[in-house]
Each structure stands twice: as structure tokens, then as C-alpha cells.
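A short worksheet on the structure shown next.
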Amino acid sequence: MRISDERLAEIDTRDLFEIADTLADAAALETLAHFRSAALDIANKQATAGTFDPVTQADRAAEAAMRAVLERARPRDGILGEELDRVEGASGLTWVLDPIDGTRAYMIGAPTWGTLIALCDDDGPLLGLIDQPFTGERWYGGPGRADIRRASGTEPLGTRRGTVMEDALLCSTFPEVGSDEERAAFQRVSQAARLTRYGMDCYAYGLVAAGCVDLVVEAGLQAYDVCAPIAVIEAAGGIVTDWEGGRADGGGRVLAAANPQIHQAALELLNAA
């Protein structure tokens with residue numbers, strides 16, 4: 001369901017960002033309680049032998065805490081989360097939640113995981129938030145807003161401009177995910193870039209919005225992995241599409257770029273074969 005432009009104009013995004021903040025705070029209480037804990041309980045969501053898709057009690061508790069907030073504050077909105085069943089709403093708006101994006105990083109105590117929160121309609125994300133509660137960084141993106149909040153204060157976000165491919169800084173979870181064909185396409189971009197860093201999870205998208213990284217190339221994503229980063233990066237001046245230049249909010253193969261020029265160069269490399 002697509003909400004009308006008139007209805008969108010009536011929505012107070014300040015109130016919605018306050019709800020997003022409340023969701024992130026609720027999730028942080030659960031995630032920080034278990035982070036770097038020897039008692040962390042880890043399960044594998046995949047029954048297939050040789051496949052590891054981890055989930056922890058912190059993932060489930062954090063999503064449950066966020067859903068409890070929405071049940072009180074936004075009962076007519078839908079909810080799409082990673083760990084629990086989808087809730088169909090009646091408002092035309094859906095909250096897309098990933099309680100811990102980067103559970104593998106969370107498991108080993110690396111602070112590149114985060115909580116992803118987006119508000120979407122059928123045309124995609126309207127606003128998004130990326131929260132890394134251990135480092136105290138929270139990225140915001142939406143109508144009239146693109147900033148990061150740290151302990152030292154709030155600063156505007158802005159992506160890097162004018163970077164050419166040979167100077168590009170690239171992040172990805174390859175080769176951990178993706179098919180052989182997808183890895184080959186990624187390698188064409190990686191070989192053309194100046195530097196490639198792996199395993200940065202959602203933190204990499206925040207670095208694109210902050211002007212530190214030029215590209216993120218991923219595959220095998222779900223909507224809850226990418227809706228919040230799309231809102232944040234686009235508000236900061238970047239662009240996020242699939243590998244053909246189309247919509248990416250449904251997940252799959254995703255290309256996040258700091259500017260249209262580096263985005264086009266990466267698209268050409270991904271599709272060179």
C-alpha cells in the first residue's frame with residue numbers, strides 16, 4: 001500500500017524519529033547486556049549441513065523489545081523483522097527491523113554490528129536509523145535530516161564526492177556470502193578499487209554516509225538488512241540500488257555508492273561479463 005503524497009506531508013517526521021530513537025534504545029538494552037559475554041547463547045537457524053546462520057538470545061530479545069514499543073506507540077503500522085513473524089498493518093507504513101545486523105561480528109566481540117530501523121511504504125524507505133550502541137554512534141536519514149549522533153555531539157552526514165574508481169574505498173561481506181558468479185563480479189570491482197575491507201556489516205553503510213567509504217557491494221541480503229542503510233545513505237547524498245541500477249529495498253544484490261559517478265563505474269564492472 002502506497003500512502004499518498006498528501007498523507008506523507010501530514011506525517012511529523014520528528015515524532016517518527018523519536019519513535020525510532022525509542023526503538024533503538026529498547027534494542028540497546030538487550031544487545032549490550034549480552035555483548036562480549038561468555039554466557040552468550042548461539043544457535044544456528046539453518047538446518048542444512050555446512051551452513052551457519054547464527055542467532056542469539058540478544059537478537060530475539062532486542063526485536064521483541066522493539067515490537068513491544070510499536071504495539072504501544074504505532075499499533076496500526078506493519079512490522080517486518082528478521083526474527084519474528086511479519087505483522088500486517090493498516091496505515092500504509094511498515095517498520096523494518098534488524099535487531100543485530102552482523103551477528104557474526106557480535107559473536108566475536110567486534111563492534112561492526114548494529115541495529116537497523118526503517119519506516120517504509122510500498123515505494124521504499126521513508127526514514128532510517130543505524131545504531132551502534134557499543135561505540136555510541138547513531139546515524140539518521142530521512143526528509144530534511146542526515147546526521148550522526150555521538151557522545152561528542154551531532155554532526156551532519158555527507159558522502160564523498162568526485163572519487164574515481166582507482167581511488168575508491170570498498171567494503172563487503174564477500175567472500176562470506178554470494179555465489180561463484182557474484183564473487184567474480186565483486187572481484188572485478190575490488191581489483192579496480194584502491195582498497196577493499198571485508199566483514200564490516202552495517203557499519204560500512206554508516207561509513208559511506210559519513211564520507212569515509214565510497215562503495216559497499218553485497219549479495220544475498222534481505223529487506224531488513226538494507227532499508228535503513230538506504231534511507232541514511234540517500235539522505236547523505238549517496239545512491240543505493242541493486243546490481244542492475246534498480247530498487248534495492250527488497251534485498252538481494254546491493255550496491256551502495258557515495259555519488260552517481262562511482263556508482264556508474266561500479267555498475268559497469270559488476271555487469272562487465
Trace of the side chain to side chain donor-acceptor pair (under 3.5 Å) decision for R161 with T159: CA-CA 6 Å; R161 319 307 293 176; T159 58; 2.7 Å; yes

Test side chain to side chain contact (heavy atoms under 4.5 Å, CB included) applied to S172 and F186, step by step: CA-CA 9 Å; S172 181; F186 166 75; 3.5 Å; yes

Verdict with supporting geometry, W95 and D77, side chain to side chain donor-acceptor pair (under 3.5 Å): CA-CA 7 Å; W95 293 89; D77 294 346; 2.9 Å; yes

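Partners of A146 according to the side-chain contact (heavy atoms from CB on, under 4.5 Å) rule, which considers only residues two or more places apart in sequence or in another chain, are L157, A235. With sequence neighbours left out, A62 forms a side-chain contact (heavy atoms from CB on, under 4.5 Å) with A27, E30, T31, P99. Legend: residues meeting ring-ring contact (aromatic ring centres under 6.0 Å, His included) with F134, ordered by chain and number and at least two apart, are F35. Under the salt bridge (Lys or Arg N to Asp or Glu O under 4.0 Å) criterion, D25 pairs with R138, sequence neighbours left out. Under the side-chain contact (heavy atoms from CB on, under 4.5 Å) criterion, V213 pairs with C171, L207, V208, not counting sequence neighbours. Remark: Q187 engages S190, Q191, Y198 in a side-chain contact (heavy atoms from CB on, under 4.5 Å) (not counting sequence neighbours). Applying the salt bridge (Lys or Arg N to Asp or Glu O under 4.0 Å) test to D249 and every residue at least two apart in sequence or in another chain returns R247. Under the salt bridge (Lys or Arg N to Asp or Glu O under 4.0 Å) criterion, E137 pairs with R150, sequence neighbours left out. With sequence neighbours left out, the salt bridge (Lys or Arg N to Asp or Glu O under 4.0 Å) criterion links R72 to no other residue.
Using a distance-only test at 3.5 Å, with no hydrogens or angles considered, no donor-acceptor pair links the side chain of D131 to the main chain of G114. A distance-only check finds no donor-acceptor pair linking the side chain of R36 to the backbone of A110 [under 3.5 Å]. Here the side chain of R86 pairs no donor or acceptor atom with the backbone of L80 at under 3.5 angstrom. The main-chain N or O of L84 is found under 3.5 Å from a side-chain atom of R67 such that the two form a donor-acceptor pair. A side-chain donor-acceptor contact under 3.5 Å links E218 to the backbone of T173. A donor-acceptor pair under 3.5 Å is formed between the side chain of D59 and the backbone N or O of T56. Under a 3.5 Å cut-off, the side chain of D242 and the backbone N or O of E244 do form a donor-acceptor pair. For T13 (side chain) and L16 (main-chain N/O), no donor-acceptor pair under 3.5 Å exists by modelled atom type. Between the side chain of E166 and the main chain of A192, no donor-acceptor pair closer than 3.5 Å is present. Q132 places a side-chain N or O within 3.5 Å of a backbone atom of T135 that can act as its donor or acceptor partner.
Among I233, I148, L116, the single residue meeting the side chain to side chain contact (heavy atoms under 4.5 Å, CB included) criterion with I130 is L116. Between F17 and the options I117, L127, L119, L129, a side chain to side chain contact (heavy atoms under 4.5 Å, CB included) holds for only L127.
When hydrophobic side chains of Ile, Leu, Val, Met, Phe, Trp and Tyr are connected at separations under 4.5 Å, L169 ends up clustered with L195.
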Can you give me every donor-acceptor pair (side chain of residues 260-273, partner residue at least two apart or in another chain, under 3.5 Å) with its distance?
from: H263; atom 1: NE2; to: T241; atom 2: OG1; distance (Å): 2.8
from: Q264; atom 1: NE2; to: E268; atom 2: OE2; distance (Å): 3.2
from: N271; atom 1: ND2; to: W243; atom 2: O; distance (Å): 2.8
from: N271; atom 1: ND2; to: L267; atom 2: O; distance (Å): 2.9

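Electrostatic pairing of R149 and D147 does not count as a salt bridge here, judged by no charged N lying under 4.0 Å from a carboxylate O.
Screening residues 58-87 for ring-ring contact (aromatic ring centres under 6.0 Å, His included) gives no qualifying pairs among residues at least two apart or on separate chains.
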